[in-house]
Q: 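Could you have a look at this structure, given as structure tokens, before my questions?
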There are 2 protein chains.
Amino acid sequence: MSMLQTNSRPYHHGNLRQALLQAAETALEARGATMLSLRELSREVGVSHTSPRRHFADKQALLDALAQSGFQRLDAALAAAAKARARNFSVRLTNLAQAYIEFALKHPALWVLMLEAKHRPGAPRELLDASDAAFSNAPALIRTGQAEGEIVPGDPARLSLTLGAALQGLVSISTEGKFKGVPLEALVPGIVKHVLLGLRPRS
Amino acid sequence: MSMLQTNSRPYHHGNLRQALLQAAETALEARGATMLSLRELSREVGVSHTSPRRHFADKQALLDALAQSGFQRLDAALAAAAKARARNFSVRLTNLAQAYIEFALKHPALWVLMLEAKHRPGAPRELLDASDAAFSNAPALIRTGQAEGEIVPGDPARLSLTLGAALQGLVSISTEGKFKGVPLEALVPGIVKHVLLGLRPRS
DNA sequence: TAACAATGTTGTCAATGGAAACATCCTGCA
DNA sequence: TGCAGGATGTTTCCATTGACAACATTGTTA
């Protein structure tokens with residue numbers, strides 16, 4: 001080997017796809033989707049600007065892969081929260097809701113990317129599957145509530161829609177993790193309560 | 001005037017700002033935010049590529065103006081829906097909810113732009129004001145419900161949060177205006193009912 | 001009528017995504 | 001064990017973009 005050799009890395013990166021996804025997530029959260037560029041990611045990872053094209057068909061494909069990874073991690077977080085021991089159904093539902101909010105607040109830009117990717121016509125099948133898996137946790141928990149007599153009979157997917165949509169919307173409506181200065185985490189129990197009991201006065 | 005003159009438009013457009021905003025909204029809904037470019041908009045409107053800079057500080061400023069316009073139109077739609085005569089509070093609330101969903105479904109890309117613009121650090125004051133005005137319609141209606149004894153006492157902003165968030169989330173969760181094949185319009189009455197009555201069985 | 005402001009145009013630059021052609025390394029098979 | 005092919009890099013090029021500077025035209029006001 002030449003003593004003058006200046007290469008700091010072998011020709012083959014070895015794990016470029018994963019490295020690019022990691023760099024993309026860091027850049028996404030730091031600078032937002034608009035400022036995310038393949039060339040900048042390549043520089044950060046230390047490869048030439050067209051290497052990403054060997055692992056992703058185009059820029060959109062990289063973003064789709066990142067969104068899919070996000071859904072997989074959300075699914076894991078929700079599944080863990082739903083499995084946590086809690087005798088009270090209301091507490092279990094609140095735990096699931098908190099896990100959802102925490103994920104969204106911890107990965108704000110990724111969360112937006114996930115939703116955008118999910119909605120785009122032509123979104124890859126794997127991405128939609130990962131999204132469906134993540135969003136299946138709430139109906140599953142509703143089913144256990146129905147079995148315990150805590151929830152009215154009916155389609156769990158439809159019944160969990162109100163809570164799922166409310167949590168989703170809560171994140172969208174909030175700014176910097178707060179709604180009118182109140183941290184979202186503090187609002188979750190009230191939302192769960194409203195969804196379970198409604199807003200109408202009980203007579 | 002030379003018979004050979006080829007200009008099809010006087011030097012001053014006369015209403016370029018508005019024309020650019022209109023072209024931008026059309027392009028946004030047709031091609032998405034990613035494919036929206038100032039040069040393309042300029043070509044469509046028939047001016048040179050840097051004319052927009054005379055009306056908008058930069059590309060982001062044009063997008064912010066578009067989002068603000070969106071909030072103003074949403075506000076008008078919600079205010080009109082809330083004013084519609086309906087003796088039953090539940091019907092009035094459902095009308096407001098429907099108006100919100102209709103706006104989001106009619107302007108899907110603009111709706112996303114509005115949310116993104118609202119969240120961005122450094123968002124213009126006028127934009128945030130327009131957003132606040134639009135989202136004040138729901139608490140106002142909740143207040144009338146409280147006056148009629150239809151809603152539990154409490155902060156109307158907090159109480160309307162569940163419904164507002166649920167509607168917001170409903171749009172985000174849906175794809176192509178549907179949730180599991182069901183049009184959103186058909187889901188709204190159920191969502192309103194769940195929010196008013198809750199999911200818990202009444203005993 | 002002239003000065004100034006508003007609103008256009010032209011030209012330039014740096015950065016980007018994507019494509020083509022080429023280079024290097026790794027794996028599998030004869 | 002060597003070679004072919006595949007995987008994964010690099011280099012070069014092109015078209016397009018956003019933004020900036022300088023200039024041109026028109027409208028308004030004093």
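Order of the sequence lines fixes the chain letters, A, B, ..., with proteins taken first and strands second; residue numbering starts at 1 for each chain. Only heavy atoms go into these numbers, but all of them, side chains included; no hydrogens, no water, no symmetry mates.
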Q: Expressed in angstrom and rounded to an integer, what is the separation of Tyr11(B) atom OH from dT26(D) atom P?
A: 7 Å
Q: So does Glu44(A) pair up with Arg31(A), basic N to acidic O under 4.0 Å?
A: yes
Q: Where along residues 14-42 of chain B does a heavy atom fall under 4.0 Å from DNA chain C?
A: Gly14(B), Leu16(B), Arg39(B)
Q: Could you tell me whether the side chain of Gln146(A) and the main chain of Gly154(A) form a donor-acceptor pair under 3.5 Å?
A: yes
Q: Using whole Å, report how far NZ of Lys59(B) lies from C1' of dT16(D).
A: 12 Å
Q: Rounded off to whole Å, could you give me the CG-to-P distance for the Leu62(B) and dA19(D) pair?
A: 10 Å
Q: Can you tell me how the ring of Tyr100(B) sits relative to the ring of Phe135(B), calling it parallel under 30°, perpendicular over 60° and tilted otherwise?
A: tilted
Q: When we call it a touch if two heavy atoms are under 4.0 Å apart, what does His13(A) touch: a base, just sugar-phosphate, or nothing?
A: sugar-phosphate
Q: Can you find a side chain N or O atom of Arg9(B) that sits less than 4.0 Å from OP1 or OP2 on dT9(C)?
A: yes
Q: When all nucleic acid strands are considered with a 4.0 Å heavy-atom cut-off, which category describes His55(B): base, sugar-phosphate, or nothing?
A: sugar-phosphate
Q: Report yes if a side-chain nitrogen or oxygen of Arg43(A) is closer than 4.0 Å to either non-bridging phosphate oxygen (OP1 or OP2) of dT16(C); otherwise report no.
A: yes
Q: So, Thr50(B) and Arg39(B): side-chain donor and acceptor under 3.5 Å apart, yes or no?
A: no
Q: Look only at the side chain of His119(A) and the backbone of Ser172(B), and say whether a donor-acceptor pair between them is shorter than 3.5 Å.
A: yes
Q: Within the structure, does a side-chain N or O atom of Arg53(B) lie under 4.0 Å from either OP1 or OP2 of dG18(D)?
A: no
Q: Salt-bridged, Glu29(A) to Lys106(A), with N to O below 4.0 Å?
A: no
Q: Rounding to an integer number of Å, can you tell me how far His12(A) NE2 sits from dA23(C) P?
A: 15 Å
Q: Could a donor-acceptor pair under 3.5 angstrom be found where the side chain of His49(B) meets the base of dG11(C)?
A: yes
Q: Between the side chain of Lys59(A) and the main-chain N/O of Leu36(A), is any donor-acceptor distance below 3.5 Å?
A: yes
Q: Does a distance-only test, which skips hydrogens and angles, find a donor-acceptor pair under 3.5 Å between the side chain of Ser51(B) and the base of dT9(C)?
A: no
Q: Which nucleotide in the set dT7(C), dT8(D), dT11(D) lies at the smallest distance from any side-chain heavy atom of Thr50(A)?
A: dT11(D)
Q: Report the distance from atom CZ of Phe56(B) to atom C1' of dG18(D), rounded to the nearest whole Å.
A: 15 Å
